[in-house]
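Here's the structure we're looking at; comments come further down.
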Number of protein chains: 2
Amino acid sequence: MGASKTELHSTQHIRIAEIAKVLSHPARVAIMEHIASQQDCICSDLVEEIGLSQPTISQHLQVIRNAGLLKGNFEGKRLCYCLDAERLQEIQSLFNNFFNTSSANCCTL
Amino acid sequence: MGASKTELHSTQHIRIAEIAKVLSHPARVAIMEHIASQQDCICSDLVEEIGLSQPTISQHLQVIRNAGLLKGNFEGKRLCYCLDAERLQEIQSLFNNFFNTSSANCCTL
DNA sequence: ATTTAATATTGCAATATTACGATGTTAATT
DNA sequence: AATTAACATCGTAATATTGCAATATTAAAT
């Protein structure tokens, strides 16, 4: 098969998995950190910064964008990328919630 | 290619990506939550609980285990799975750290 | 209007993931 | 010792991901 059986899973679990998938590649983690570190929000140096080709970076950016984690102006010659702080906070809560409920009843092995 | 170019990335980013990959499938999120919810730590009902076949569940469990998130007795007729609470806490810090540094300097678009 | 710089899209190859049937392994039970 | 219950492993098919060269698009600069 290869495709995951999404109909089996809760929307909550699917949501966590979707976000985790964005973070499941070191290039995307690096891209997100780098965008966040830029005060002026001009991110045309990502290719040099990360070391992957321009199409590959563009592809990773789209994954981040599709998950709703990017804000900014996507048209024209120059981009102005920013992380969506609100979304980030939502996600952080989602993950913390998961970690807290998951570590709660752990047995004492 | 298809294989990620791990030599380009920092160990920190690779570590985050590794853990995120574990959480990037809803079945694994569900499995982890279910294991955590079991006080007695007997988890032979995962197949019925999740709705995937026994080999598939076993495969997902191995992914979780390989990331160092499972503790317990893996031999014999019956298993005794537990989430490794210490590791979970480590991971939670790792993620929170990432989120905090990433949302810090976000521009005001 | 051309050129140029920055990014997106397309097409494709290499590899990884997901899923399950069939089969192997292990230890308790009979 | 044979059976059984609970997992693991193997093999394999379907699909997804990763990466880049080539090409297209876009808007500013000339």
Side-chain angles (χ1 to χ4, degrees), chain A residues 1-9 13-14 17-31 34-35 38 40-67 70-82, chain B residues 1-9 13-14 17-31 34-35 38 40-67 70-82:
Chain A
M1 309 273 164
S4 41
K5 294 188 148 186
T6 47
E7 74 276 8
L8 291 177
H9 309 292
H13 292 162
I14 290 175
E18 276 173 357
I19 300 299
K21 190 163 278 185
V22 176
L23 299 179
S24 76
H25 195 291
R28 288 194 288 268
V29 177
I31 288 172
H34 189 257
I35 291 178
Q38 298 292 94
D40 57 355
C41 211
I42 303 292
C43 306
S44 55
D45 53 348
L46 273 172
V47 173
E48 298 154 32
E49 184 70 19
I50 311 290
L52 291 166
S53 76
Q54 181 268 320
T56 303
I57 295 290
S58 188
Q59 199 171 275
H60 281 306
L61 276 169
Q62 190 158 25
V63 174
I64 301 171
R65 198 188 313 156
N66 286 343
L70 273 188
K71 250 164 91 177
N73 173 28
F74 305 126
E75 303 156 42
K77 183 171 155 188
R78 272 190 168 274
L79 293 192
C80 185
Y81 284 127
C82 279
Chain B
M1 306 273 167
S4 41
K5 293 189 149 187
T6 47
E7 74 278 6
L8 291 177
H9 309 293
H13 292 163
I14 291 175
E18 277 174 357
I19 300 300
K21 190 162 279 185
V22 176
L23 300 179
S24 73
H25 196 291
R28 287 194 288 268
V29 176
I31 287 172
H34 189 257
I35 291 179
Q38 298 291 93
D40 58 356
C41 210
I42 304 290
C43 307
S44 55
D45 53 348
L46 274 171
V47 173
E48 299 154 30
E49 184 69 21
I50 311 291
L52 291 166
S53 76
Q54 181 267 320
T56 303
I57 294 290
S58 189
Q59 199 172 273
H60 280 306
L61 275 169
Q62 190 158 27
V63 174
I64 302 172
R65 198 188 312 154
N66 286 343
L70 273 188
K71 250 166 91 176
N73 175 27
F74 305 127
E75 306 154 40
K77 183 170 154 187
R78 271 192 169 273
L79 293 192
C80 185
Y81 283 126
C82 278

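It should be emphasised that the depicted structure is a prediction, and the values quoted were computed from it without experimental measurement. For the numbers below, each heavy atom of this structure counts, side chains included, while hydrogens, waters and symmetry mates do not. Labels below follow one simple rule: chain letters A, B, ... track the order of the sequence lines, proteins then strands, and each chain is numbered from 1.
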**Asked** To the nearest angstrom, how far is I31(B) atom CD1 from dC7(D) atom P?
**Response** 12 Å
**Asked** Starting at CD1 of I14(B) and ending at C1' of dT18(D), how long is that distance when rounded to a whole Å?
**Response** 15 Å
**Request:** Could you check whether the rings of H9(A) and H25(B) sit parallel, tilted or perpendicular, using 30° and 60° as the cut-offs?
**Result:** perpendicular
**Message:** What is the distance, to the nearest angstrom, from the CD atom on E48(B) to the P atom on dA5(D)?
**Reply:** 14 Å
**Prompt:** For dT17(C), does either OP1 or OP2 sit under 4.0 Å from a side-chain N or O belonging to H60(B)?
**Reply:** no
**Message:** Both K21(A) and Q62(A) contact DNA chain C. Which one's nearest nucleotide lies toward the 5' end?
**Reply:** Q62(A)
**Complete:** Rounded to whole Å, the CZ-C1' distance (R28(B) to dT17(C)) equals 8 Å
**Separation of atom CD in E18(B) from atom C1' in dT17(D), rounded to whole Å** = 17 Å
**Straight-line distance of T56(A) OG1 to L46(A) CG, nearest 0.5 Å** = 12.5 Å
**Message:** Check this one for me: any side-chain N or O of Y81(B) less than 4.0 Å away from OP1 or OP2 of dA6(D)?
**Reply:** no
**Asked** What is the distance from atom CD1 of I14(B) to atom CD1 of I19(B), rounded to the nearest 0.5 Å?
**Response** 12.5 Å
**Interatomic distance, Q59(A) atom CD to Q54(A) atom CD [nearest 0.5 angstrom]** = 11.0 Å
**Partner set under side-chain contact (heavy atoms from CB on, under 4.5 Å) for I64(B), not counting sequence neighbours** = V22(B), R28(B), I31(B), M32(B), L69(B), L70(B)
**Prompt:** What integer distance in Å separates I35(B):CD1 from dC7(D):P?
**Reply:** 11 Å
**Message:** Rounded to whole Å, please give me the gap between NE2 in H25(A) and P in dT15(C).
**Reply:** 14 Å
**Asked** Would you say the side-chain atoms of S24(A) pair up with the backbone N or O of K21(A), donor to acceptor, closer than 3.5 Å?
**Response** yes
**Asked** Hey, is the side chain of Q59(B) pairing donor to acceptor with the base of dA19(C) inside 3.5 Å?
**Response** yes
**Prompt:** What residues in residues 49-57 of chain A put a non-hydrogen atom under 4.0 Å from any atom of DNA chain D?
**Reply:** L52(A), S53(A), P55(A), T56(A)
**Prompt:** How close or far is atom P of dA8(C) from atom CG of L70(A), stated in whole angstroms?
**Reply:** 10 Å
**Item:** CG-CG distance between L23(A) and L23(B), expressed to the nearest 0.5 angstrom
**Value:** 9.5 Å
